[in-house]
Visitor: 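I am attaching a structure below and will ask some questions about it afterwards.
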Amino acid sequence: MSPDRPVGELFRRFRERLAAEGPERLGGPGRHAGHGPKMTSPAGPVLAAQGRHAGPPGAGDIEPTASGGTGAGAARTDAGGDDAGLAPRRRREVPPAGSSRRRRGGRGGGEQVNVPPAEFTSYYGRPVLKAPVWRWDIAAYLFTGGLAAGSSLLAAGGQLTGRPVLRRAGRVTALAAVSASAYFLIHDLGRPSRFHHMLRVAKLTSPMSVGTWILTVFGPAAGVAAVAEAAPLLPERGLLGLGRRLLPPAGRAAGLAAAVTAPALATYTGVLLADTAVPSWHEAYPELPAIFAGSALASGAGVGLLAAPTTEAGPARRMAVAGAALELWGSHRVENRLGLLSEPYAVGTAGRLLRAGRTLTAAGLAGALVGRRSRALSALAGGALLAASVCTRFGIFHGGVASARDPKYTVVPQRERVRERDSQDPHSGSGAGSGGG
């Protein structure tokens with residue numbers, strides 16, 4: 001700064017004293033009033049104790065420091081400060097609360113080694129997963145696919161045991177159900193060409209691709225078997241007469257082919273749901289195929305109990321027992337084994353549907369066993385089993401969608417798995433670790 005430039009009276013006196021006494025007397029180079037060690041007044045301890053400045057009037061008072069010193073004055077050096085009782089204090093580092101381990105050489109003097117675990121549910125409370133965009137038509141597709149599979153098994157049982165009414169009811173129902181299933185699937189895809197495009201490749205690791213080919217094999221076989229039931233209506237002579245003679249053996253072969261494909265058709269939808277990232281579907285991967293297989297058998301049994309007389313309903317009753325056992329066991333497992341992920345199956349729409357499905361299944365099973373000689377009771381049991389299959393499929397569908405919409409069903413099980421893994425391997429640790437920042 002130029003000496004000719006006008007400055008304040010206080011600063012000019014300070015500069016003159018600095019030139020006369022040297023920087024050592026003022027606390028060393030780089031120190032100035034207000035930022036370094038405070039300076040005592042040259043007038044002695046009395047003025048210093050009163051906090052008064054020894055300069056000319058108008059210079060103002062200097063606020064006393066915590067140690068009793070004031071503004072401009074003699075330097076509070078180690079030598080002079082001891083005499084005045086104003087020795088400088090060494091600054092004390094105060095560690096953050098809850099921190100005992102510190103990194104050496106870190107900037108800021110007190111950085112923690114480990115990053116504390118974050119507690120969160122989701123980003124701004126939004127779902128972690130995108131909920132499935134499937135609508136009711138996919139739930140209906142699940143039911144009709146199972147109904148087609150169960151009915152074809154029922155038809156095969158009637159064919160092998162010589163029960164024509166049971167065979168006919170099973171074949172016709174299988175064709176109607178698989179046609180409805182294909183319609184619901186194509187309706188969900190949006191365009192029929194998309195179903196055709198899925199047939200361009202066969203990917204064994206994709207449940208959707210495998211399911212498309214299963215439908216492609218099952219549908220024509222079920223169709224031929226159902227059309228063969230119309231052979232007695234054709235004339236005996238001419239071209240149609242040839243069809244009358246060829247359709248029954250073709251129908252028998254096609255019916256058995258459909259029955260062979262039926263277990264895959266009944267269970268692949270359960271594998272398809274479990275292969276997604278939806279928490280309550282994915283965690284129930286052992287039970288979903290069993291539930292869907294039991295539901296398919298129960299629905300096929302319901303068709304037989306509704307359509308066949310009591311003298312031919314024996315295979316339908318046995319199917320009802322097997323299907324009800326599988327369905328009730330699987331439903332009980334998914335509602336109790338999965339911990340937190342069982343909750344979506346027990347509350348809301350899914351809970352009501354699954355409870356209704358269990359009740360109807362038990363009622364249908366009891367009616368099938370008790371009504372061996374009652375046509376009306378057998379029919380009521382068959383209707384209860386069909387309704388139970390609908391409730392079970394829709395309940396499983398709604399439970400999975402609900403688990404995808406709530407972030408806790410994604411975050412909480414993940415943290416539990418991390419804690420379990422850390423408890424089994426305490427040296428693995430989580431978070432930043434000993435070398436993290």
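Note that this is a predicted model, so its numbers are computed, not measured.
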Visitor: Taking T361 for its side chain and G357 for its backbone only, find out whether a donor-acceptor pair lies under 3.5 Å.
Guide: yes
Visitor: P413 versus L340: any side-chain heavy-atom pair under 4.5 Å?
Guide: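 Result yes, sub-4.5 Å side-chain heavy-atom pair found.
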Visitor: Judged by atom type as modelled, is there a donor-acceptor pair below 3.5 Å linking the side chain of N336 to the main-chain atoms of H332?
Guide: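 Present.
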Visitor: Without placing hydrogens or testing angles, list every side-chain donor-acceptor pair under 3.5 Å for residues 175-186, not counting sequence neighbours.
Guide:
unit_1	atom_1	unit_2	atom_2	d
S179	OG	L175	O	2.8

Visitor: Which value, rounded to the nearest 0.5 Å, describes the distance between L360 atom CG and L365 atom CG?
Guide: 12.5 Å
Visitor: For the residue pair C391 and R358, establish whether any side-chain heavy-atom pair is separated by less than 4.5 Å.
Guide: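 They are not in side-chain contact.
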Visitor: How far apart are the C-alpha atoms of V278 and V401, what are their side-chain angles, what is the distance that settles it, and do they pass the side-chain contact (heavy atoms from CB on, under 4.5 Å) test?
Guide: CA-CA 7 Å; V278 176; V401 173; over 6 Å; no
Visitor: Would you say the side chain of P286 lies within less than 4.5 Å of the side chain of R337, judging by non-hydrogen atoms?
Guide: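 In short, these two side chains touch, coming nearer than 4.5 Å.
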Visitor: Using a 3.5 Å distance criterion without hydrogens, assess whether the side chain of S378 forms a donor-acceptor pair with backbone atoms of R375.
Guide: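 Such a contact is absent between S378 side chain and R375 backbone.
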Visitor: Heavy atoms only: give me the nearest V334-A284 pair and the separation to one decimal.
Guide: CG1-CB, 3.9 Å
Visitor: So does E420 get a backbone contact from the side chain of S423, meaning a donor-acceptor N/O pair under 3.5 Å?
Guide: yes
Visitor: Do L215 and L265 come within less than 4.5 Å of each other through their side chains, counting heavy atoms only?
Guide: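 Touching, per the 4.5 Å side-chain cut-off.
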Visitor: Between atom CG of L154 and atom OG of S299, what is the distance when rounded to the nearest 0.5 Å?
Guide: 9.5 Å
Visitor: For the side chain of H282 and the backbone of T276, is there at least one donor-acceptor N/O pair under 3.5 Å apart?
Guide: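 Looks like yes, one N/O pair under 3.5 Å.
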Visitor: Using the rule given for side-chain contact (heavy atoms from CB on, under 4.5 Å), can you reason through I396 versus Y345, listing the C-alpha separation, both sets of side-chain angles and the distance that settles it, and then say yes or no?
Guide: CA-CA 7 Å; I396 293 293; Y345 294 122; 4.0 Å; yes
Visitor: Find the distance between NE2 (H398) and CZ (R352) and round it off to the nearest 0.5 Å.
Guide: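 Reported to 0.5 Å precision, the distance equals 10.0 Å.
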Visitor: Taking P279 as the fixed residue, which of V411, T410, V412 is the one that meets the side chain to side chain contact (heavy atoms under 4.5 Å, CB included) rule?
Guide: T410
Visitor: Say you draw a straight line from CD of E343 to CG of L338; how long is it, rounded to the nearest 0.5 Å?
Guide: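 If we round to the nearest 0.5 Å, E343:CD and L338:CG are 12.0 Å apart.
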Visitor: Using atom types as modelled and distance alone, determine if a side-chain donor or acceptor of R171 lies under 3.5 Å from a backbone N or O of A228.
Guide: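 Not a single qualifying donor-acceptor pair exists.
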Visitor: May I ask you to test the H187-R135 pair for a side-chain heavy-atom distance under 4.5 Å?
Guide: yes
Visitor: So does L142 get a backbone contact from the side chain of R393, meaning a donor-acceptor N/O pair under 3.5 Å?
Guide: yes
Visitor: What are the two closest heavy atoms between A156 and A259, and how far apart are they?
Guide: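 So the two residues come closest at CB-CB, 3.6 Å.
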Visitor: Which atom names give the shortest non-hydrogen contact between V165 and P309, and what distance separates them?
Guide: CG1-CD, 3.9 Å
Visitor: Report yes or no: does S403 contribute a side-chain atom to a donor-acceptor pair with the main-chain N or O of G400 at less than 3.5 Å?
Guide: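 The answer is yes, because a donor-acceptor pair under 3.5 Å joins these two groups.
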Visitor: Donor-acceptor pair, T173 side chain versus G170 backbone, under 3.5 Å?
Guide: no
Visitor: Can you check whether L272's main-chain N or O pairs, donor with acceptor, with W281's side chain at less than 3.5 Å?
Guide: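 Not at all, since once roles are kept as given, no pair shorter than 3.5 Å links the two residues.
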Visitor: Calculate, to the nearest 0.5 Å, the distance between atoms CZ and OG1 belonging to R317 and T310 respectively.
Guide: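 That separation rounds to 6.5 Å.
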Visitor: I need the R421 CZ to R417 CZ distance, nearest 0.5 Å.
Guide: 10.0 Å
